[in-house]
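Just below is one structure, and these are the notes that go with it.
Every chain is numbered from 1 and lettered A, B, ... according to where its sequence line falls, protein lines coming before strand lines. Only this structure's heavy atoms are used, side chains among them; waters, hydrogens and symmetry mates stay out.
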Protein chains: 2
Amino acid sequence: MAGSVGIRDVAARAGVSIGTVSNVLNKPDLVSEETLIKVQRVIDELGFVRNDLARQLKMGGGTTFGMIVLNVANPFFAELAHASETAAEQLGCTVVLGSSDQLPRREERYIDLFEEQRVRGMLIAPLDGPTARIRRLRERGTPLVLFSNHRDTGDFCTVAMDGDAGGYLAVSHLVEQGRRHIAFLGGPLHQVQDRWTGAMRACAETSGVKLSHIDTADQTIADGRAAGSGWPDCRRIGPTPSSRRTICLRSG
Amino acid sequence: MAGSVGIRDVAARAGVSIGTVSNVLNKPDLVSEETLIKVQRVIDELGFVRNDLARQLKMGGGTTFGMIVLNVANPFFAELAHASETAAEQLGCTVVLGSSDQLPRREERYIDLFEEQRVRGMLIAPLDGPTARIRRLRERGTPLVLFSNHRDTGDFCTVAMDGDAGGYLAVSHLVEQGRRHIAFLGGPLHQVQDRWTGAMRACAETSGVKLSHIDTADQTIADGRAAGSGWPDCRRIGPTPSSRRTICLRSG
DNA sequence: CTGTTAGCGCCTTCAC
DNA sequence: GTGAAGGCGCTAACAG
């Protein structure tokens, strides 16, 4: 009794043809006002819900974007998702989110899922740069944008942080605040190479400043804080200057 | 040249029939090993991707769950999403996330979207309890679970916090730490009635403890912190005892 | 303006 | 084990 109400049931009940119901749904202008409200009423009565699967099948794809982030709990991605949804909304589209949870298998799974569902495009924060699967995805025609801190995103459309500038900015700020021994918390160095380079550069500008790297398995706020709390004379200071300026875009 | 590769192209190229390709995809056991790998190879060569829209249309629904949260940036929901995805994975299903952003319009939009896409079920953190739309959704047959702090979730399947217990626990903890003037940060009181009640109860158990309510528009961590920083003698203290025990389930 | 027709791409049931 | 036919629910063209 649920999704079993089809467009043809509505047509029968309203005494019109199947095509007219379709018009009511998609091109209301082409229908006489009388027929329009009659059909609308039947739709409500029967609780008809358009089957978007059939619709998209016919139309060759829908208006949904797929977005894959590393971790929904990460405020960076949360903000990204938020902004994407808002932007999509203005285009009459919607964004569905998948969290890879830093698991390659999950990432692949969502990629496949979204591709099979024929999303209009995908926004991916790749776990490890553009994998073969991601390349194939684009070659097959799915519009793609990558969120990545890696330099090696090839010719993909990318929105990324300028890690070098960010690292420099952050450390400079700390040094200006009078700090002299600075901990750099982050994943494996090769994953945050740019930030580390920038940080070292800032570090070298003032003598007597020491920089130490602490590896944190996950990139959660909580992890960072836990690591920090074990640091001697660790304290919270004011916010860094806005880093918005360190975002860089590349169109591939 | 993208999604234009259909099952029939594969069949032709591999010199088998359409039905056989379908079997390779869904019931590999029924296909001779020879044919199997031959078809597999063609699938890779052609870059065939099964059209899930057609598949679900035929099968009458897919294996995807829709989840609607108030705000992906909220760690509570992030954790919820995370856990849901993991659970779904074990069932061979996937969860797609939508953030209503506390906007009724968005909530409705995602509900409609997911229903039209014939999701297997929905997990909703309703903005304002079970609306008429949500009721209809269930009546039409979509399996539903609500995440809600409201008492008035009727006979819906619900997973919620025991707000009263939580408020009591939190304030008791603060009092034990020696605090005497406690700020209660949260949305409008009617939305957090239970927590407030519990807080007051704990407050009443020790004389000289004062409780003040501060309304925060959004329920973000940042908001809470900002509000807190304006409070005299405000400081961070150790974590509260695990509140896992304050989760309650209801099956409707 | 409204009715009719022909698929979208796939899966399933039945013969072979 | 494999092949052919029918239809899931809908939309886009036309014909009326």
Side-chain angles (χ1 to χ4, degrees), chain A residues 1-40 42-43 46-63 112-113 115-120 140-141, chain B residues 1-40 42-43 46-63 112-113 115-120 140-141:
Chain A
M1 61 177 282
S4 55
V5 184
I7 201 175
R8 86 183 61 202
D9 299 306
V10 177
R13 186 90 151 71
V16 299
S17 94
I18 213 179
T20 301
V21 178
S22 176
N23 281 338
V24 170
L25 259 37
N26 306 302
K27 296 162 188 162
D29 318 334
L30 304 187
V31 182
S32 78
E33 183 146 351
E34 188 188 8
T35 321
L36 192 71
I37 58 179
K38 181 174 59 179
V39 173
Q40 285 283 25
V42 174
I43 286 181
L46 264 46
F48 165 75
V49 177
R50 180 238 263 102
N51 187 328
D52 202 45
L53 298 167
R55 178 172 211 263
Q56 289 186 206
L57 174 57
K58 182 62 181 169
M59 313 245 296
T63 70
D112 290 349
L113 179 74
E115 191 180 13
E116 288 177 0
Q117 299 200 1
R118 299 293 189 268
V119 294
R120 193 192 190 80
R140 285 185 198 131
Chain B
M1 58 176 285
S4 54
V5 184
I7 201 174
R8 86 183 64 204
D9 299 306
V10 177
R13 187 89 151 71
V16 299
S17 94
I18 276 178
T20 302
V21 178
S22 176
N23 281 339
V24 170
L25 260 36
N26 306 302
K27 295 163 188 160
D29 319 334
L30 304 187
V31 182
S32 77
E33 184 148 348
E34 188 189 8
T35 322
L36 192 71
I37 58 178
K38 180 175 60 179
V39 173
Q40 285 283 24
V42 174
I43 287 182
L46 264 46
F48 166 75
V49 178
R50 179 238 260 101
N51 187 329
D52 202 45
L53 299 166
R55 177 170 212 264
Q56 290 186 205
L57 174 58
K58 182 62 182 170
M59 314 248 297
T63 70
D112 290 350
L113 178 74
E115 191 181 13
E116 289 178 358
Q117 300 202 9
R118 299 292 189 269
V119 294
R120 191 191 191 80
R140 285 186 198 130

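Note on A:Ser32: only backbone sugar-phosphate atoms sit closer than 4.0 angstrom, heavy atoms only; bases stay farther off. Looking at heavy-atom distances under 4.0 Å, A:Asp52 makes no contact with the nucleic acid at all.
Rounded to whole Å, atom P of D:dA4 lies 14 Å from atom CD1 of B:Ile7. Atoms CE (B:Met59) and C1' (D:dG9) sit 16 Å apart, rounded to a whole Å. The nearest whole Å value for the distance from the NZ atom in A:Lys38 to the P atom in C:dC1 is 14 Å. For A:Asn51 and C:dC10, the CG to C1' distance is 14 Å, given to the nearest whole Å. In this structure, CZ of A:Phe48 is placed 8 Å from C1' of D:dG9, rounded to the nearest angstrom. Rounded to whole angstrom, the span from the CD atom of B:Gln56 across to the C1' atom of C:dC8 amounts to 15 Å. Protein atom CG of B:Leu30 is 14 Å distant from nucleotide atom P of D:dG3, rounded to whole Å. As rounded to whole Å, 13 Å separates atom C1' of C:dG7 from atom CD1 of A:Ile18.
Of the side-chain N and O atoms in A:Arg55, one or more sit less than 4.0 angstrom from OP1 or OP2 of D:dT11. Remark: B:Thr20 is in phosphate contact with D:dG3, judged by side-chain N or O atoms under 4.0 Å from OP1 or OP2. Taking only side-chain nitrogens and oxygens, A:Thr35 comes nearer than 4.0 Å to OP1 or OP2 of C:dT2. Considering only side-chain N and O atoms, B:Lys27 lies under 4.0 angstrom from the phosphate OP1 or OP2 of C:dT12.
How far CG of B:Asp9 is from CZ of B:Arg13: 10.5 Å, rounded to the nearest 0.5 Å. The distance from the CD atom of B:Gln117 to the CZ atom of A:Arg50 is 10.5 Å, given to the nearest 0.5 Å.
Of all the heavy atoms in B:Leu36 and B:Val31, the pair that sits closest is N-CG1, 3.8 Å. Residues A:Ser17 and A:Ala11 share a closest heavy-atom pair of C-CB, 3.7 Å.
A:Arg140 places a side-chain N or O within donor-acceptor distance of the main-chain N or O of B:Gly47, the cut-off being under 3.5 Å.
Heavy-atom nearest nucleotides on DNA chain C were determined for A:Lys58 and for B:Arg50, and the one closer to the 5' end corresponds to A:Lys58. Each of B:Ala54 and B:Val16 lies near DNA chain D, and the nucleotide nearest B:Val16 is the one positioned closer to the 5' end.
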